[in-house]
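From a predicted model like this one, the values you see are computed outputs, not experimental measurements.
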Amino acid sequence: MKVELARHYTYRDAIVTSIPSIVMMLVGSIYSIVDGLFVSNFAGTTPFAAINLIWPAIMVFGALGLMMGTGGCALVAKTIGEGHRDEANRIFSMLVRVTVIGGIGISLVFLLLLRPVAVMLGAEGELLSDCLIYGSILTVCLPAFLLQMLFQPFFMTAERPTLGTKMSVACGLTNILLDFIFIVIFNWGVAGAALATVMAQIVGGFYPYYYFHSHRNKSSLRLVHIDSIDWHAIKQSCLNGSSEYMGNIALSIVSICYNLQLIHYLGENGVAAYGILMYAAYVYAAVFIGYNISIAPVISYHYGAGHKRELHSLLVKSLVIIGTLGTVMTIFAELTGRYTSAIFVSYDEQLLQLTIRAYAIYMVSFMLFGINLFVSAFFTALNNGVVSAAVAFTRTLIFEIGAVFILPLLIGIDGIWWSVDLADLLAFIMSIVILKAFRKKYGY
């Protein structure tokens, strides 16, 4: 499937074009879910809690790849819209090189920090041992993970979204097959889960690198030789993608705060229940992220080309589509929460009932979550990383962290689960205000 950034997008065009990216993100969300599913059912609650406890800390660094990808994608698409394709390829190539070098350095640093971080998160005994095993294996292969996250947004900019879908399917199948072999057959527990994940990340990170270098590449993007690094372009890409990075950092910090609160109030069962919520949330969020990945380069292109009427059209259509998706997914989540919870913890009735209750409250947030996520992505696409970061950062780090510590004091355990709903309501109000405030500047 080949798409064109320059044409007018109807509702049908926006939806159809987004399907490959949505599928790509949905399949990508399988990694941690499959790990959790196998570990929970074949290794037990403590290993399951361990991977959910250490994963947010790893994502603090892994999200750098997403920052470079989304931010660089906005700059590259805008540059193409301005008619400078050679410059766009040069920027793309620089981003890939910087990500590889940076990934190696980050991997070495985090290996030294892994134990103190796990202890800080409350891990001890067997829980600490499992955290270190899972975390160390993923950290060694962090450069591949960074590359995988970097390339995801660029498939749409390259006008080859189905290539991204095929890559995600290949990575997902690799992860599932190896999880079965390593965890079920070899009984390697969290080590097997980690090895399966990094093998999938290697496929997802290095095959696109090969493709964009090769003669098979017929897309509008190509990795080219560069003699020097344009630090201004790197800085602009990082600024553009700062919202995605800050959003992921904030999400990781929020997850850490949730886990600290849950260990205090409910012990390992609370962490396990929250892990299940996160797995379900990854799937639903993947739909919104996939749509944003597909539409953001189109927005950036038309912004670079000065097509203000098309910007307005894309904004309105996207809000309608995202709002409809959010409503449908929330209803679906409420109807299927019991069955989703049972897939992971049917072996423990107390944990199952806790998870069902938490699921019913937590998933209400998806009514508004998608719109908040899109508004942040919209300003990233407009190359306004400051506003985009403010939306993402405020929702997660200020509203949600404040709620997760205050609401339990007011309404008890349920306050932990209601925190995200309150945060998204406040963020929705803020998003509407920001869209109106910048309407004249960008002409949408």
Side-chain angles (χ1 to χ4, degrees), residues 1-30 66 69-70 73-74 76-78 80-81 151-173 204 208 211-212 217-221 244 282-305 307-333 366-367 369-378 380-382 444:
M1 175 182 178
K2 185 179 186 300
V3 299
E4 297 178 10
L5 302 180
R7 63 185 174 86
H8 171 73
Y9 274 63
T10 63
Y11 279 102
R12 182 181 182 279
D13 293 332
I15 294 170
V16 171
T17 301
S18 69
I19 289 174
S21 295
I22 290 174
V23 173
M24 176 182 72
M25 294 308 300
L26 282 171
V27 175
S29 69
I30 288 175
L66 183 63
T70 54
C73 183
V76 168
K78 175 176 173 288
I80 293 174
F151 282 123
Q152 283 178 345
F154 277 108
F155 290 118
M156 180 63 187
T157 307
E159 301 178 321
R160 293 293 189 281
T162 53
L163 178 60
T165 305
K166 292 175 182 177
M167 279 304 310
S168 284
V169 170
C171 294
L173 292 176
Y211 172 80
F212 283 113
N217 177 15
K218 305 300 181 183
S219 74
S220 57
L221 282 182
E244 280 69 23
Y282 290 156
V283 174
Y284 292 118
V287 176
F288 298 128
I289 295 170
Y291 178 83
N292 291 344
I293 285 176
S294 71
I295 208 68
V298 183
I299 293 170
S300 297
Y301 178 90
H302 287 292
Y303 171 59
H307 301 157
K308 293 184 178 180
R309 181 175 293 182
E310 193 62 29
L311 280 182
H312 174 76
S313 173
L314 289 167
L315 173 61
V316 172
K317 288 181 174 66
S318 294
L319 290 175
V320 171
I321 292 170
I322 292 292
T324 303
L325 281 172
T327 302
V328 171
M329 287 195 294
T330 300
I331 294 172
F332 180 79
F366 279 89
M367 188 76 71
F369 172 75
I371 292 177
N372 296 328
L373 201 65
F374 171 75
V375 171
S376 178
F378 181 70
T380 296
L382 294 177
Y444 53 76

Trainee: Taking atom CZ of F332 as the centre, report whether more than 12 heavy atoms of other residues, nucleotides or ligands fall under 6.0 Å from it.
Mentor: no

Trainee: Report the relative orientation of the aromatic rings in F366 and F288; use parallel for angles under 30°, tilted for 30 to 60°, perpendicular for over 60°.
Mentor: parallel

Trainee: Of all the heavy-atom pairs spanning V16 and P20, show the shortest one and how long it is.
Mentor: O-CD, 3.5 Å

Trainee: Does E310 reach the main-chain N or O of Y9 with its side chain, forming a donor-acceptor pair under 3.5 Å?
Mentor: yes

Trainee: Verify, without hydrogens or angle tests, whether S376 (side chain) and N372 (backbone) share a donor-acceptor contact under 3.5 angstrom.
Mentor: no

Trainee: Among P208, P161, S21, find the one that has a side-chain contact (heavy atoms from CB on, under 4.5 Å) with F155.
Mentor: P208

Trainee: Distance check, rounded to the nearest 0.5 Å: L26 atom CG versus Y282 atom OH?
Mentor: 14.5 Å

Trainee: Could you tell me which residues satisfy ring pair (Phe, Tyr, Trp, His ring centres under 6.0 Å) with Y301, sequence neighbours excluded, listed by chain and number?
Mentor: none

Trainee: Which value, rounded to the nearest 0.5 Å, describes the distance between I22 atom CD1 and I289 atom CD1?
Mentor: 11.0 Å

Trainee: Check the pair H8 / T10 against side chain to side chain contact (heavy atoms under 4.5 Å, CB included), numbers first and verdict last.
Mentor: CA-CA 7 Å; H8 171 73; T10 63; 4.1 Å; yes

Trainee: Backbone N or O of K218 within a donor-acceptor pair of the R160 side chain at under 3.5 Å?
Mentor: yes

Trainee: Between K317 and S313, is there a side-chain donor-acceptor contact under 3.5 Å, judged purely by atom types and distance?
Mentor: yes

Trainee: Measuring from atom OG of S294 to atom CD1 of I19, what distance do you get when rounded to the nearest 0.5 angstrom?
Mentor: 9.5 Å

Trainee: In Å, rounded to the nearest 0.5 Å, how long is the span from CD of Q152 to OG1 of T70?
Mentor: 10.5 Å

Trainee: Do you know the tightest heavy-atom contact between I322 and I371?
Mentor: CG2-N, 3.4 Å

Trainee: Can you list the residues that meet the ring pair (Phe, Tyr, Trp, His ring centres under 6.0 Å) rule with F378, with sequence neighbours excluded?
Mentor: F374, Y444

Trainee: Which heavy atom of A74 sits nearest to which heavy atom of T380, and what is that distance?
Mentor: CB-O, 3.3 Å

Trainee: What I'd like to find out is whether the side chain of V287 reaches to under 4.5 Å of the side chain of M25, using heavy atoms alone.
Mentor: no

Trainee: Does S318 use its side chain to pair, donor to acceptor, with the backbone of L315 at less than 3.5 Å?
Mentor: no

Trainee: Between CE of M156 and OG1 of T17, what distance do you get to the nearest 0.5 Å?
Mentor: 5.5 Å

Trainee: Counting N and O atoms only, with roles assigned by atom type, does the side chain of S300 sit under 3.5 Å from a partner on the main chain of A381, one being a donor and the other an acceptor?
Mentor: yes

Trainee: Determine whether the aromatic ring centres of residues F151 and F212 are separated by less than 6.0 angstrom.
Mentor: yes

Trainee: Within the distance-only criterion (no hydrogens, no angle test), does the side chain of T162 pair as donor or acceptor with the backbone N or O of T165 below 3.5 angstrom?
Mentor: no

Trainee: Can you tell if the side chain of M167 reaches within under 4.5 Å of the side chain of V169, non-hydrogen atoms only?
Mentor: no

Trainee: Looking at CG of L373 and OH of Y291, how far apart are the two atoms once the value is rounded to the nearest 0.5 Å?
Mentor: 12.5 Å

